[in-house]
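All remarks here apply to the structure that follows.
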Amino acid sequence: MKFHTQLAAVLISLVLPSVALAQEIDTGDTAWMLTSSALVLFMLLPGLSLFYAGLVRSKNVLSVLMQCFAIACAMSLLWFAVGYSLVFSGEGAWIGNLDKAFLSGITYNSMTGTIPESVFVVFQMTFIMITPALFVGGFAERMNFAAMLMFSVLWGLVVYIPVAHWVWGGGWLADIGLLDFAGGTVVHVTAGVSALVAALVLGNRRGFQQTPITPHSLTLTVVGAGMLWFGWFGFNGGSSLGANGAAGMAMLVTHLSAAAGSLAWMTIEWLRFRKPSVLGIVTGMVAGLGTITPASGFVGPIGGVVIGLCGGTVCYFATQLIRNGLKIDDSLDVFPVHGVGGALGTILAAFFVSAAYGGAGYAEGMAFTSQLGVQVIGVLATGAYAAIVSYALLKLVGLITPLRVDVDTEQQGLDVAQHGEKGYNI
Amino acid sequence: MKFHTQLAAVLISLVLPSVALAQEIDTGDTAWMLTSSALVLFMLLPGLSLFYAGLVRSKNVLSVLMQCFAIACAMSLLWFAVGYSLVFSGEGAWIGNLDKAFLSGITYNSMTGTIPESVFVVFQMTFIMITPALFVGGFAERMNFAAMLMFSVLWGLVVYIPVAHWVWGGGWLADIGLLDFAGGTVVHVTAGVSALVAALVLGNRRGFQQTPITPHSLTLTVVGAGMLWFGWFGFNGGSSLGANGAAGMAMLVTHLSAAAGSLAWMTIEWLRFRKPSVLGIVTGMVAGLGTITPASGFVGPIGGVVIGLCGGTVCYFATQLIRNGLKIDDSLDVFPVHGVGGALGTILAAFFVSAAYGGAGYAEGMAFTSQLGVQVIGVLATGAYAAIVSYALLKLVGLITPLRVDVDTEQQGLDVAQHGEKGYNI
Amino acid sequence: MKFHTQLAAVLISLVLPSVALAQEIDTGDTAWMLTSSALVLFMLLPGLSLFYAGLVRSKNVLSVLMQCFAIACAMSLLWFAVGYSLVFSGEGAWIGNLDKAFLSGITYNSMTGTIPESVFVVFQMTFIMITPALFVGGFAERMNFAAMLMFSVLWGLVVYIPVAHWVWGGGWLADIGLLDFAGGTVVHVTAGVSALVAALVLGNRRGFQQTPITPHSLTLTVVGAGMLWFGWFGFNGGSSLGANGAAGMAMLVTHLSAAAGSLAWMTIEWLRFRKPSVLGIVTGMVAGLGTITPASGFVGPIGGVVIGLCGGTVCYFATQLIRNGLKIDDSLDVFPVHGVGGALGTILAAFFVSAAYGGAGYAEGMAFTSQLGVQVIGVLATGAYAAIVSYALLKLVGLITPLRVDVDTEQQGLDVAQHGEKGYNI
Amino acid sequence: MKLVTAIIRPFKLDDVKDALSAIGVMGMTVSEVKGFGRQKGHTEIYRGAEYAIDFIPKTKIEVAVADDVLDTVIDAIVESAKGNKVGDGKIFVTALDNVVRIRTGETGAEAI
Amino acid sequence: MKLVTAIIRPFKLDDVKDALSAIGVMGMTVSEVKGFGRQKGHTEIYRGAEYAIDFIPKTKIEVAVADDVLDTVIDAIVESAKGNKVGDGKIFVTALDNVVRIRTGETGAEAI
Amino acid sequence: MKLVTAIIRPFKLDDVKDALSAIGVMGMTVSEVKGFGRQKGHTEIYRGAEYAIDFIPKTKIEVAVADDVLDTVIDAIVESAKGNKVGDGKIFVTALDNVVRIRTGETGAEAI
Ligand SMILES: Nc1ncnc2c1ncn2[C@@H]1O[C@H](COP(=O)(O)OP(=O)(O)O)[C@@H](O)[C@H]1O
Ligand SMILES: Nc1ncnc2c1ncn2[C@@H]1O[C@H](COP(=O)(O)OP(=O)(O)O)[C@@H](O)[C@H]1O
Ligand SMILES: Nc1ncnc2c1ncn2[C@@H]1O[C@H](COP(=O)(O)OP(=O)(O)O)[C@@H](O)[C@H]1O
């Protein structure tokens, strides 16, 4: 498979920098990766931040935007300082090395495969930026900003970086053959699980399940949703690291899964309440997108549609279970949508990668059952690791500064109390 | 002309798949087409949906967003199931065949010209998504969601798909040499005409022309307008199917036409009312963009400016005629802006394609008058077909479910009544 | 250096059109430049216009959007008519010639380096569009629309066009070796200085420093900020005119500088007020972006971070000085953020271009001190020229139509009074 | 003088304004409010769950009138705002001790 | 009949509504207002400078009641809205000359 | 006790607040309203057509005051809100039967 070869080439080039330098630049691949990097940034700012901001009450709108923005900036510098190096430099099973700390040695001529290494650095940076921003939805409207920032940076260092190395940096999950094209485990499972843990550690918002806590502007949320869909083309389409058939197919199946997930959620609401809601359709879209993510560069069009339908449906019921069944205030449903979707897609990839369903086919030596086993291991290992470390980090941070704002701040709203601003003066 | 050759190559490749497979991928072309696909998606979600949403009253803002979103998803699956195949597979004058239904046979290695077929599928899919979303503006604030969705899907099947085949899939309008680079007829004329028909069949909104029905947020509309301009670069620039001189010229003339259309509309308002409005300038922009669309890959810079000026001016007066003259409540002026603009641009293309005006020159065997004849036929055929079939489809759908919401729902607003949500809780 | 060679090739191609035509198109470079052009457009509309619109009171939101939009359109036609030609055609030290007025001679086959000339025209057009839109922030909420438009067009002609020729069109600043990759002097210094002059000539808004003039929607501003970051990737990344190592490095350092500038501003606010504000973090981002702009294609990652930290910090204190110290109502802080940032970055480029700091290295015959001298000359010359000519133009325009709206209009708001519209009817 | 405060359905505002203008009322002040009463609220959907919303958007109109036109004004409002469905709204009448026109300093009935 | 107008903290609205419903009040009208009083405002940051904001978001509740339940209503509001901090709000009581139910034309206490 | 309700131009709010503070008024409640009166509205443009808008943004200030300061308060408002143009606004005075401070339960003039 062309893209397998290409990924191999990339991996080789990482291990043997001299080989990398020797490879010629492909301007088309570079153009697409520059674009993809921009798209993933856009997916986060303003995309995700807006999607989330619309869902909270107007007294907390800026706090959500601020949390996403500050995480984006802090993660960028973390990636610059040690992240890139620890993930992509060195061959350890558990973690890379510090040879490229502070991006040392990366010049105008450094190459990663067919693209400049600088572009590879930026593209991968956007992933560490967006992952912790996802879990902001779990503790929205009540977490203390200082604690939030401290937790996120530590999480990036101790959760994201190792897991990304395991899966994409040549670590143990790569070795056993885990298929995770664009971050079902690295991004969605880790973020989803950590959001749930944070929601449990912090406790529910005051009034949760007593008075309706309604979104202050679904218009913003829908705008953010459109941006997410658009940006996800770079997230998944860029994960082939070039402008090739895998990128094209990733974009196609990503799109189909988003559409199918949306319609699945819409249909369920329509049947249950006779009222299909716009928040429902966009939540189904996110579910479809999260679910296809790990599978996107391996499956074919039919796989894309089926995965989207499964994503929309399963995430719907997962949301009901967490929110209304277990009464856990994972405020913006990060775990049931991202965590469950990411895990589901990682597992479904084991089926739909099969050439029989139009997928790219199993890697040599792999068959359905062996692949399924690997996928389950991948989900469980990343999920369990993220849960345990997140819990420990929250407890640690809680020793330094309060995790949760006080009652007055929560009632007044975080915007004025923590950031000295109001979202609207209309 | 380079791009003529290229289009020919594409057409050949469609007819002879083996040739297609034989052609080498061009990563630069692929990069641009991946990007263009993302841009056209963005043009619709959030672009167009936001442009429209800002123009309605706040009690209906979500209904507009929901309609655009649901259409986008449903059309994607329609395209997957039969649309792509019926448009681009087979050589019929009227309609393609079902050989590629469910995108069967499209693999990681399939090619269309110099780009992966998956990319071609996505790019073209974005066109079927946006076209019915355009006519949402015709029946805004009063159409029943279920009827809307049913009508749109049938319309995609019975109007868009055949017409796209006629013009772009090697059908009879392609055969007689219709110049429609990016959808003057296929997109704008069909959508504009159908919006008008729907407005007439559904009747005016309660209070139309009695009390002012003012936009609830022109800020949103202007944001949407900026997104439309941006996305239109992919719409027109991507229609050359590669990163070449035609793409560049299409982008240049598209830009100039948007600017000229904006200033034309602004100037007329300034002269008439001494107050140039922001809604005016962005409507002129849409008029300029819609008008250049069919001509964009054929004309030169001067053609772009003149077409934009004509578009802004003619669409201005068309809007006055429909809205204030005929008192037809084509609520967001889809027909006078898109329908009239698309038709006008298709006809103006016959002039400005001439090398004398810096255009790409007439195809072999064509001259001004013959080309003009073809263009007029194209406009009339697609317009008449869309009008008649839309009328029939609306009557059909009306037998199954009410086309229009009841009075209470209209007064309360569609958001709460049909979707169980409010746009704002600020 | 690869990109130096490339820039040289471009310059040669401009001087010798025959050479240009001889060069083969690179589809990858073309794809990236098409994308970059779209990104810079997006950075302005909706990006910058939204960033600014959120900061004014709701009675003036449309006026800001309208000003940005009208400038964008008018500058496009100015570029078409004479701008492109005067900047890029001919070898004068002070100004180009009119050989390419009305883009004459630019066909589907014209090339500039490895990309179609049409693409080069559009990319450069986006720069003349955004530059005067930047200074809208200086006179927001009080300038008469007619005067604003007249001033902006004259400014484009008499300030932007010559300065762009000096720096990028082979004029005297290019000759002495000024490093200004993407517009530290051409864009940010000229716009910043002119905003300050306009603020002084028009006088402060009524109530400035007496009653708080609070942003009507920081949500919009943050959304606009995210769009600016995204679009800036095209602004700086596209300034290498191809998909190459310079583009990649430009994107990487641009990103790092944005993140560093954001965190610098946030930290200062946190230390001073215990409340890091979202407006603070995004202002720091703009400062970081503006500061890196001139240096972006020359410096390495460490340079990017340090320049960002300097930008965020220096622009913070510059803002305090102008606003609270000198009590000048440069309403949206264009001078302290763009003017100061652009100047600072132009000067810092002299250090960080050094290969010792991971930069691209000095051009032949240049060393630190000589480069620093050139950079200082560049800043002073462009700043002084912009200040003097802006002052003269404002006085001239003031003879024709009032520069400032009357008291009633200012109190009622420009939206209703000048544009006949309201931003919101919610 | 009396202050007549009417809570009506938002889409009736134009009708009421016209009815009041027709009987010579020269001014009024309007605001958006949320009402709670016998009229049933609606349900909303949030992420697949349904919940009840009690407050309903209403419009409040305040009109200061001279005593002699009070009944005419009330009738005009009742006629133009009525839809014969629960939730049509209420009118509250309070006594006004005084009215002042800021521009002129006039007081009492002339200031209305 | 009396019109009871209460200015309360926004997050107390649900509690007050429940308290009033509990004592049989069938209707009320609510709006968003900004209050200025003894309660200190807050500071806001704008581009690195800090300034004081005096107005604080409050919620206004208007309830028309029959004379006999006035005290119960006031007590219910006081109990449910009280937080024992400056800024809890005020209740204003004015006499109502009349109440009209638009739907039926009923007047006086039955219209409430 | 009286309730003084003033309808003023929005941009006069700060002046009025300062004037009231200056004479010792400790509290007030403010809301955004739309006014209709002798002051001409404006025209708006919609897609190339012009139409008239009658309602004008106004600000409503409510101040509860003791009887003895009523005139001072009215004067302060009139002085600070006056612009000598049609549309400067009105002041309405109603009698207050009672005022209650929620925090303390105090009633009457001390609760103001
Ligand atoms: N006792 C009351 N005090 C204040 N406002 C009331 C009262 N009762 C009703 N309202 C207002 O009048 C509106 C309509 O009342 P409702 O009981 O729903 O119907 P109806 O007017 O037909 O009796 C309510 O939404 C509320 O705004
Ligand atoms: N004299 C007054 N007239 C009108 N409203 C008032 C008056 N005094 C206070 N208020 C309103 O009551 C709110 C609470 O008053 P405040 O003085 O802050 O605390 P408290 O209610 O504890 O005395 C204010 O924000 C304002 O809305
Ligand atoms: N009869 C009235 N009842 C209630 N509000 C009124 C009345 N007349 C005027 N107003 C309010 O006062 C505002 C100013 O009134 P207007 O007649 O325009 O000017 P003026 O205050 O100079 O007489 C109006 O916009 C409206 O809000």
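Proteins get letters first, then strands, A, B, ... in listed order; numbering begins at 1 in each.
Heavy atoms closer than 4.5 Å to chain A are found in the backbone of B:Thr107, but not in its side chain. The part of A:Met285 that comes within reach of chain B is its side chain, from C-beta onward, which places non-hydrogen atoms under 4.5 angstrom from that chain. For B:Met129, the part sitting under 4.5 Å from any heavy atom of chain A is the side chain, from C-beta outward, and nothing else. Proximity to chain B (any heavy atom under 4.5 Å) is restricted, for A:Val305, to the side chain, taken from C-beta onward. When heavy atoms are compared at a cutoff of 4.5 Å, A:Thr219 approaches chain B by way of both its backbone and its side chain. Residue contact with chain B, scored on non-hydrogen atoms closer than 4.5 Å, involves the backbone and the side chain of A:His216 alike. Residue B:Val416 touches chain A through its backbone alone, counting heavy-atom pairs closer than 4.5 Å. Using a 4.5 Å cut-off between heavy atoms, B:Ala70 contacts chain A through both its backbone and its side chain. In this structure, the portion of A:Trp270 lying under 4.5 Å from any heavy atom of chain B is its side chain and not its backbone.
Here the CH2-NE2 distance, from B:Trp79 to A:His255, works out to 11.0 Å after rounding to the nearest 0.5 Å. Separation of atoms CH2 (A:Trp232) and CG (B:Leu41) is listed at 13.5 Å; rounding is to 0.5 Å.
The shortest heavy-atom contact between B:Ser118 and A:Gly245 is OG-O, 4.1 Å. Scanning both residues, A:Pro215 and B:Asn425, for their nearest heavy atoms gives O-ND2, 3.0 Å. Across all their heavy atoms, A:Val278 and B:Glu421 have their closest contact at N-OE1, 2.7 Å. Closest approach of A:Pro276 to B:Gln418, counting heavy atoms only: CD-O, 3.7 Å. Nearest approach of B:Ile106 to A:Met249, heavy atoms of both residues: O-CE, 3.4 Å.
Note on B:Leu103, B:Leu220, B:Ile115, B:Asp26: by heavy-atom pairs under 4.5 Å with chain A, the leading option is B:Leu103. Of the listed residues (B:Gly423, B:Pro116, B:Ala72), the one with the most heavy-atom contacts under 4.5 Å to chain A is B:Gly423. Counting heavy-atom pairs closer than 4.5 Å to chain A, the top-ranked of the candidates B:Leu65, B:Val61, B:Leu39, B:Val119 is B:Leu65. Ranked by heavy-atom pairs under 4.5 Å with chain A, the list B:Leu34, B:Leu62, B:Ile426 is led by B:Leu34.
Ring geometry, B:Phe42 versus A:Phe42: the interplanar angle exceeds 60°, so the pair is classed perpendicular (tilted spans 30 to 60°).
The backbone N or O of A:Phe298 sits less than 3.5 Å from a side-chain atom of B:Tyr108, completing a donor-acceptor pair.
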